[in-house]
Student: 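Okay, here's the structure, questions in a sec.
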Amino acid sequence: MPGMPPEFPETPDLPDTETPETTNPVPPRREFLKNAALFTGTVALLGGGLEVLTRRPGALAEGEPGELLAQARRPLGPYDTSEAVTPYAQATTYNNFYEFGTGKDDPARLAGSLRTRPWTVIIDGEVKKPVKVDIDTLQSWFPLEDRIYRMRCVEGWSMVMPWLGFPLAALLRRVEPNSHAKYVKFTALDDPKQFPGQRSSVLDWPYVEGLRLDEALHPLTFMAVGLQGRVLPNQNGAPLRLVVPWKYGFKSIKSVVRITLTREQPKTTWALAAPDEYGFYANVNPAVPHPRWSQATERRIGELRRRPTLPFNGYAEQVAHLYKGMDLRRFF
Ligand SMILES: Nc1nc2c(c(=O)[nH]1)N[C@H]1C(S)=C(S)[C@@H](COP(=O)(O)O)O[C@H]1N2
Ligand SMILES: [Mo]
């Protein structure tokens, strides 16, 4: 779509004196601990022997945004960052969700028009057991886990987000990819009645994203239904949102209605819109600048100074092997 405005960096060359946040970042777990007493849950022992306290996922059905969803309290898991969690008020008011508009505050202002129940998700394509399932049934299939991940937007800002959800691999295993499945395509809801931003053609709707199957099966790859112990706010991608923490944020598609296993690499929204600027892989890489700005540093929302951006957003140890032998300048 020539001429469309791509994502804009937020003044990456200037010191972040305009930073609006003055509060101290919330230390990890503080929020969880604060709410622990309000909440009754069941203790489940997960694979790694981690103690996770979860509410029965089936009981989330009519969750209002902001309602307590699950209480997780355990030692940091192998995939958690111990970095300070971005305060909830900031993580839910500074958003990219172009279906609501291109302004950072548009999603929080306008997301009330999105109806997240009832919500149907289709999982189909190259799988042995395709399924069309209600979001509450889908959630009831998996114990909810929490993951504290860094999130790095291609524009040069970042956050630390405590997600609640389940690994995408658990869902994919359930539908049994067949031998032709090589990629996973994700499609977001397409409904201009609920998404005011879809009345503009800033992007081709619906928003589509994709992963290679091995990326999709990686244990870090997550489907979020909650944020910081609460039902996922609409502006953060309710009711179901992909989270791929080693890739730029635009890969983490919000408000997913369809997951399709494919033979061919799917055509994805930002890669179609500006192929020279946004690739299919979009692995966080400080050594490969965006054509219009450097990716060497980032501004953590809530902090004043920029900090260095890490290869694969700090997850290199876990994911670099997926790209062995690939030229990451060509496959950006
Ligand atoms: N459907 C949809 N998903 C989307 C987007 C979008 O515009 N539409 N924006 C992406 C971008 S660019 C980023 S940085 C993250 C932002 O997630 P957050 O607002 O929860 O921090 O969502 C991603 N997922
Ligand atoms: Mo982004």
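Quick note: residue numbers are just sequence positions, from 1. Every number for a ligand or one of its atoms is a count from 1 in the order of the listing.
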Student: What atoms of ligand 1 come closer than 4.0 angstrom to any heavy atom of Cys153?
Tutor: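 Close to Cys153: 14 (S).
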
Student: Decide yes or no on ring pair (Phe, Tyr, Trp, His ring centres under 6.0 Å) for Tyr278 and Tyr248, but give the supporting numbers first.
Tutor: CA-CA 9 Å; Tyr278 311 103; Tyr248 290 119; 8.7 Å; no

Student: If you measure from each heavy atom of Gly237 to ligand 1, is any distance below 4.0 Å?
Tutor: no

Student: Decide whether an N or O pair under 3.5 Å exists between Asn95 and ligand 1.
Tutor: yes

Student: Considering distance alone, does some N or O of Ser252 sit under 3.5 Å from an N or O of ligand 1?
Tutor: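 Yes, Ser252 has an N/O under 3.5 Å of an N/O on ligand 1.
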
Student: Would you please say whether a donor-acceptor pair under 3.5 Å links the side chains of Asn96 and Glu155?
Tutor: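 Yes, side-chain donor-acceptor contact under 3.5 Å.
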
Student: Counting only heavy atoms, tell me which of Tyr278, Tyr207, Trp270, Tyr248 gets closest to atom 6 (C) of ligand 1.
Tutor: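 Residue with the shortest heavy-atom distance to the ligand atom: Tyr207.
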
Student: Kindly identify the option in Arg241, Glu99, Lys254 whose heavy atom sits closest to atom 8 (N) of ligand 1.
Tutor: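 Shortest heavy-atom distance from atom 8 (N) of ligand 1: Glu99.
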
Student: Between Arg174 and Trp141, is NZ or CZ placed under 6.0 angstrom from the six-membered ring centre and within 45° of the ring axis?
Tutor: yes

Student: Hey, would you say the Tyr98 and Trp205 ring centroids sit under 6.0 Å apart?
Tutor: no

Student: Show the atoms of ligand 1 that are less than 4.0 angstrom away from any heavy atom in Asn96.
Tutor: 5 (C), 9 (N), 11 (C), 12 (S), 13 (C), 14 (S), 16 (C), 19 (O), 22 (O)

Student: Is the distance between the ring centroids of Phe97 and Phe100 less than 6.0 Å?
Tutor: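 Yes.
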
Student: With a 4.0 Å heavy-atom cut-off (strictly under), which part of Met151 contacts ligand 1: side chain, backbone, both or neither?
Tutor: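 Just the side chain.
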
Student: Relative to the heavy atoms of Tyr98, which atoms of ligand 1 are at a distance of less than 4.0 Å?
Tutor: 6 (C), 7 (O)

Student: Quick test of your reading: applying salt bridge (charged side-chain N to carboxylate O under 4.0 Å, His left out), list the pairs with at least one residue in residues 231-259, sequence neighbours left out, ordered by first then second residue.
Tutor: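 Residue pairs with at least one partner in residues 231-259: Asp124-Arg258, Glu209-Lys251, Glu215-Lys247.
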
Student: Could you tell me whether Asn236 and ligand 1 have an N or O pair separated by under 3.5 Å?
Tutor: yes

Student: Check whether the side chains of Gln235 and Asn95 place a donor and an acceptor atom closer than 3.5 Å, and report yes or no.
Tutor: no

